[in-house]
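First the structure, in the form of structure tokens, and then the observations on it.
Letters A, B, ... are given to chains in the order of the sequence lines, protein chains preceding strands, and every chain is numbered from 1.
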Number of protein chains: 2
Amino acid sequence: MDIKVIEFNDIVDAKNVKRPMGHLTPIEELKDVPFEIKRIYYLTRVPENTIRGFHSHKELQQVLLCLNGSVQISVSTPYEKEFITLDDPAKGLYIGPMVWREMYNFSPGSVLMVLASEFYDEEDYIRDYRKYCELAQDYYKSLSKI
Amino acid sequence: MDIKVIEFNDIVDAKNVKRPMGHLTPIEELKDVPFEIKRIYYLTRVPENTIRGFHSHKELQQVLLCLNGSVQISVSTPYEKEFITLDDPAKGLYIGPMVWREMYNFSPGSVLMVLASEFYDEEDYIRDYRKYCELAQDYYKSLSKI
């Protein structure tokens, strides 16, 4: 499964300032993430007990970040499943193509930001889980033959 | 002064779902912001009574967004000064070249995100206010002659 946790630079406080100044996390395209950042989006004010996601992408690459509070992510293929907690603004979850994702346990005030490699394209979404399983089985079989 | 408040798309809830699902704000480079998003950075856990910023850029364009809580921004040139409150994740502040900026009144849990048109380049910063005023006077005089 094409996922990876990325630890970004966490710059605490500021040069030449003695008092605490907070945290700054910089992310540059093609350097800190393996794609051009063409699109970003963020989820805010998600009610408790809400599950979002429920889709896969055919080609899109994304990095998910939780900038305040915490969110849990499940990522799966027909063959494996993993659970990741995002609770640190400097910790990102890279998700490649053909991975089913669900996001849940949004804490009050949580901010889930997503960096995406392409503009929005509804054609790139797979929103039906049964169809995803069929396409994913073909996809991972063809990968295993390379 | 080259600044502008931008109202981004605020997608409330989700298609085909009857219960509240939260807010989603998408931003695409060159469409929703007038530049390629080469770099992003975000400030988190900024202590109360902290002022950040205190610089101008020579050429960089940025959009500032507050994704949780609220932050106040002052933007100025030698000739004018404005104060903007960011307290809505769908409201962005575009800041063009040669504008001095300070960020303050970070609320607890606030997240200030910045989208930037270029990679980090220390040469593009003006951090000395006196020097900024000199350069800015020349800059705005040369603009007024065009």
Find the one option among [options] whose heavy-atom pairs under 4.5 Å with chain B are most numerous.
| options | value |
| --- | --- |
| A:E36, A:M113, A:R39 | A:R39 |
| A:P20, A:P26, A:P89 | A:P89 |
| A:I27, A:I11, A:L43 | A:I27 |

If you count heavy-atom pairs under 4.5 Å between each of [options] and chain A, which one has the most?
| options | value |
| --- | --- |
| B:N68, B:L115, B:V33, B:L112 | B:N68 |
| B:V114, B:I40, B:V46, B:T50 | B:I40 |
| B:R19, B:H23, B:M21, B:E29 | B:H23 |

| request: Pick one of side chain, backbone, both or neither for A:L65, based on which atoms fall under 4.5 Å of a heavy atom in chain B. | output: side chain
| message | At a 4.5 Å cut-off on heavy atoms, which part of A:Y120 comes close to chain B: side chain, backbone, both, or neither? | response | both
| request: Assert yes or no for the condition that the ring centre distance of A:F54 to A:Y125 is strictly below 6.0 Å. | output: no
| In terms of heavy-atom proximity below 4.5 Å to chain A, should B:L30 be classed as side chain, backbone, both, or neither? | neither
| Same cluster (ILVMFWY, side-chain, under 4.5 Å), B:V111 and B:V71 | no
| request: Answer yes or no on whether A:K31 is positioned over the face of B:F119, meaning its NZ or CZ is under 6.0 Å from the six-membered ring centre and within 45° of the axis. | output: yes
Are the side chain of [X] and the backbone N or O of [Y] linked by a donor-acceptor pair below 3.5 Å?
| X | Y | value |
| --- | --- | --- |
| B:D124 | B:E59 | yes |
| A:S70 | A:D87 | no |
| A:E80 | A:M1 | yes |

| request: Could you walk me through whether B:Q61 and B:Y94 pass the side chain to side chain donor-acceptor pair (under 3.5 Å) test, one step at a time? | output: CA-CA 7 Å; B:Q61 302 173 73; B:Y94 169 87; 2.6 Å; yes
